[in-house]
Amino acid sequence: MIDKETRIKIAIQKSGRLTDHSLDLLQRCGLKYTRARDQLICFGENMPLDILLVRDDDIPALVRDDVCDLGVVGLNIVEEARLGFDDLDAGEPFSIAQRLDYGHCRLSFGYPEEGPVQSVADLQGQRIATSYPNMVTDYLRREGIAAEVVEFSGAVEIAPSLGRADVICDLVSTGTTMTAHRIREGETILDSEAVILRTPVEIPAEKEAWVDRLMQRIEGVMQVRESKYIMMHAPKSALAQICELLPGSEAPTVLPLEGRDDKVAVHMVCRETVFWETLENLKSVGASSVLVVPVEKMLA
Ligand code: PRT
Ligand code: ZN
């Protein structure tokens, strides 16, 4: 039995595209866990946090009903569920505590290449196959389009060739699936990524302190993912240009160089990917001995 007063319960996808990333994120936050024999729960060993492994579609309701304090799930599932809850007046079912920058995809219309529909302007009176009926219906209502929504639980891309629909609305990441079915990607109605949902209910103080701590660690993990620590020698006169060249960096640490009045050592944390082009540009404004090293942990 899990102690609900003091232990955080977080729901993540049991097996699918988000599972490895989500477990990895929690591990990077310092969590060590053991998996229960039924494989449905992971017990945190060094933090008061337990992981519930479930189907992603179940996560919004688990958080709304406060069975779990937190949940990690795609925004596509969140928005579809939100529109499906019939007690919308009862207040927000959960809040989105953080976007996680993985599981990126988009919900887009797809038009068969040889079909008559080539944009939303042609959708009137058409049949649209989708696994996201609530979002598609909501979009059509907002756009004032009368079309039929045909619900498919999977393999939406074959609906047109089966004669079950004229167009589709489905998740796309690389676009390969639609292309392979001779379907052209059209307008996007949602840009999605994994997010953390948080219960609408007040969390007991002791547990809340751990939730805050976890959220801060998650932020730290996300910041260091692309972050680099950069060191270089540079002409004093080029400092402003160097700061401009390094995206997302804070004020640099500038240190004197023994025996040099014109040059300094510059150290800075850069929060975005540092490309070779950036290094070449740094060199062209006079930087030398440039070192780029990964950042392991960061606490803002
Ligand atoms: O069993 P369970 O219900 O938990 O899993 P699931 O099968 O419903 O979900 P899963 O594991 O396939 O996806 C989990 C989440 O990953 C989704 O809810 C999205 O938030 C996110 N995600 C990211 C994707 C994709 N990319 C994606 N490409 N989910 C699905 N796809 C599918 C899409 O439906 C289509 O069939 O991949 C195909 C398109 O991919 P491309 O690369 O060919 O465009
Ligand atoms: Zn699912």
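One is the number of the first residue; the rest follow in order along the sequence. The structure presented is a predicted model; accordingly, all values stated were derived computationally and were not measured. Whatever order the structure lists ligands and atoms in, that order sets their numbers, starting from 1.
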Counting heavy atoms only, which part of Leu75 comes closer than 4.0 Å to ligand 1: side chain, backbone, both or neither? neither
Contact region, Gln13 to ligand 1, non-hydrogen atoms below 4.0 Å, reads side chain
Report yes if Val54 has an N/O atom closer than 3.5 Å to an N/O atom of ligand 1; otherwise report no. no
So which bit of His104 gets within less than 4.0 Å of ligand 1, heavy atoms only: side chain, backbone, both or neither? backbone
Among non-hydrogen protein atoms, atom 40 (O) of ligand 1 lies closest to Thr177 OG1, 3.6 Å
Close approach, Lys14 and ligand 1, non-hydrogen under 4.0 angstrom: no
Under 3.5 Å, N or O to N or O, is Ser173 touching ligand 1 that way? yes
The closest protein heavy-atom partner of atom 1 (O) of ligand 1 is Arg55 NE, 3.5 Å
Hey, looking at atom 2 (P) of ligand 1, which of Leu18, Leu190, Asp56 has the closest heavy atom? Asp56
Tell me the protein heavy atom at minimum distance from atom 18 (O) of ligand 1, and give that distance in Å. Asn76 ND2, 2.9 Å
Does atom 7 (O) of ligand 1 have a protein heavy-atom neighbour under 4.0 Å away? no
Between Ile77 and ligand 1, find which residue part has any heavy-atom pair under 4.0 Å and reply side chain, backbone, both or neither. side chain
Between the side chains of Gln118 and Arg184, does any donor sit under 3.5 Å from an acceptor? yes
Do me a favour and list the nearest non-hydrogen protein atom to atom 24 (C) of ligand 1 with residue, atom name and distance? Arg17 CD, 3.4 Å
Strictly below 4.0 Å, N to O, side chains only: are Glu187 and Arg106 in salt-bridge contact? no
Less than 6.0 angstrom from the centroid, inside 45 degrees of the normal: does Arg64 satisfy that with respect to the ring of Phe85? yes
Between Leu171 and ligand 1, which part of the residue brings a heavy atom under 4.0 Å of the ligand: side chain, backbone, both or neither? both
I'd like to verify the contacts: list protein N, O or S atoms under a distance of 2.8 Å from the Zn ion (ligand 2). Asp56 OD1, Asp57 OD1
Who's the nearest protein heavy-atom neighbour of atom 41 (P) of ligand 1, and how far? Thr174 OG1, 3.3 Å
